[in-house]
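We name chains A, B, ... by the order of the sequence lines, and we start the count at 1 in each one. Note: hydrogens, waters and symmetry copies are ignored here, and every other heavy atom, side chains too, is used.
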Number of protein chains: 2
Amino acid sequence: MGLPLRKSKVAAPPPACPLTESLSLLRGAWAPNVIWYLSAEPRRFGELRHDIPRISARVLSARLRELESRGLVTRKVLDTSPPSAEYALTPLGRELLPAIEALARVGRKLIDQWELGASHAGARSRPRRVAV
Amino acid sequence: MGLPLRKSKVAAPPPACPLTESLSLLRGAWAPNVIWYLSAEPRRFGELRHDIPRISARVLSARLRELESRGLVTRKVLDTSPPSAEYALTPLGRELLPAIEALARVGRKLIDQWELGASHAGARSRPRRVAV
DNA sequence: CTGTATCCATGATGATACTG
DNA sequence: CAGTATCATCATGGATACAG
């Protein structure tokens, strides 16, 4: 994994990793959460709003449209009354799950370490946003 | 207060994933790139600037400090002339690499598919930022 | 219920100039 | 070379009101 070792002190050639583009897939603070909450089964708009309480309708709509345009999520309008929409991950979108889970694992580990360090240090005030 | 699922089947109740916090590890557009370019070997400030041409010194400095404060990166000042600094990943920081690479893989795949679709569609103008 | 359109606050970034 | 300070800009997100 990783980059090839550079020969000397001189710069390693930028190996053009598609990182920037990849991360733009998860643009914004919520896209990963949306994908996460779609991982088990299709969800409706209102359900997602409930799953992710702090997301606004505007942003949720924007993320869903973006994910749909990129082929990661499908949108199916149900002919019910009142009308409802159901969102689901495409196989492509599903491929992001392992990566997201890997990030979540490392994140959890780091958070645990921080909490450990904080308790050792004596409960120093550390205003950090709560996860999820 | 449980959310009544539409279908009796279970489903993916909000499993409180530490996603939000985890992603904050990679805050900003450049942190993943910084980690990536440190993956092979320690790099100096100027080298990183060269590796990531479009990053400004201000942002690179900010990201490095943030990553350092979180225990993902170490900073070593070399007593040379002119002075230089060398940054390296900590074991903890290294744990992020598989996740980042997983994202990069999916991203690359998606980009390839887009390019394929674009060529089929006849090279439609699609103002997208270039990867890397 | 499912979105969308404004308006507004905030944060991240780049450019430039400057210090050690 | 390594880093910081200041300024201006732009994208993102929230709140609200409103539409289909």
Open item on the list: In this structure, how many angstroms lie between the C1' atom of dA2(D) and the NZ atom of Lys76(B), rounded?
Closed with: 16 Å
Task: Atom-pair distance (CD1 on Ile55(B); C1' on dT16(C)), nearest Å - done: 17 Å
Open item on the list: Rounded to whole Å, how long is the line connecting atom CG of Asp51(B) with atom C1' of dC1(D)?
Closed with: 16 Å
TODO: Starting at atom CG of Leu78(B), determine the distance to atom C1' of dC1(D), rounded to an integer number of angstrom.
DONE: 11 Å
Every protein N/O within reach of nucleotides 18-20 of chain D N/O, cut-off under 3.5 Å:
none

Open item on the list: Students often get this wrong, so: under 4.0 angstrom with heavy atoms, is Arg63(B) touching a base, only sugar-phosphate, or nothing?
Closed with: sugar-phosphate
Open item on the list: Please enumerate all residues that pass side-chain hydrogen bond (donor to acceptor under 3.5 Å, both in side chains) together with Glu95(B), with sequence neighbours excluded.
Closed with: Lys109(A)
Task: Side-chain N or O of Trp30(B) closer than 4.0 Å to phosphate OP1/OP2 of dG14(C) - done: yes
Task: Listed nucleotide nearest any side-chain atom of Val59(A), set dG13(D), dT2(C), dG3(D) - done: dG13(D)
Open item on the list: Nearest whole Å is fine: how far is dG3(C) P from Leu48(A) CG?
Closed with: 10 Å
Task: Nucleotide nearest Arg58(A) when distance is taken to its side chain, options dT2(C), dT6(C), dG3(D) - done: dT6(C)
Task: Nearest heavy-atom neighbours spanning Arg94(A) and Ser39(A) - done: NH1-O, 3.1 Å
Open item on the list: When you compare the side chain of Val59(A) with that of Trp30(A), does any pair of heavy atoms fall below 4.5 Å?
Closed with: yes
TODO: Would you please test Arg65(A) and Glu68(A) for salt bridge (charged side-chain N to carboxylate O under 4.0 Å, His left out) and show each step?
DONE: CA-CA 5 Å; Arg65(A) 278 190 284 108; Glu68(A) 185 189 5; over 6 Å; no
Open item on the list: Is the shortest side-chain heavy-atom distance between Arg43(A) and Tyr87(A) below 4.5 Å?
Closed with: no
- [ ] Indicate, with a heavy-atom threshold strictly under 4.0 Å, whether Ser84(B) touches base, sugar-phosphate, or nothing.
- [x] sugar-phosphate
Task: Short side-chain N/O contact from Arg65(A) to OP1 or OP2 of dG3(C), under 4.0 Å - done: no
Open item on the list: Does Arg49(B) reach a base, just sugar-phosphate, or nothing at all? Heavy atoms under 4.0 Å.
Closed with: nothing
Open item on the list: Testing the basics here: between Tyr37(B) and Leu48(B), what is the closest heavy-atom pair and its distance to 0.1 Å?
Closed with: CB-CD2, 4.0 Å
Task: Glu86(A) CD to dC1(C) P, straight-line distance once rounded to whole Å - done: 16 Å
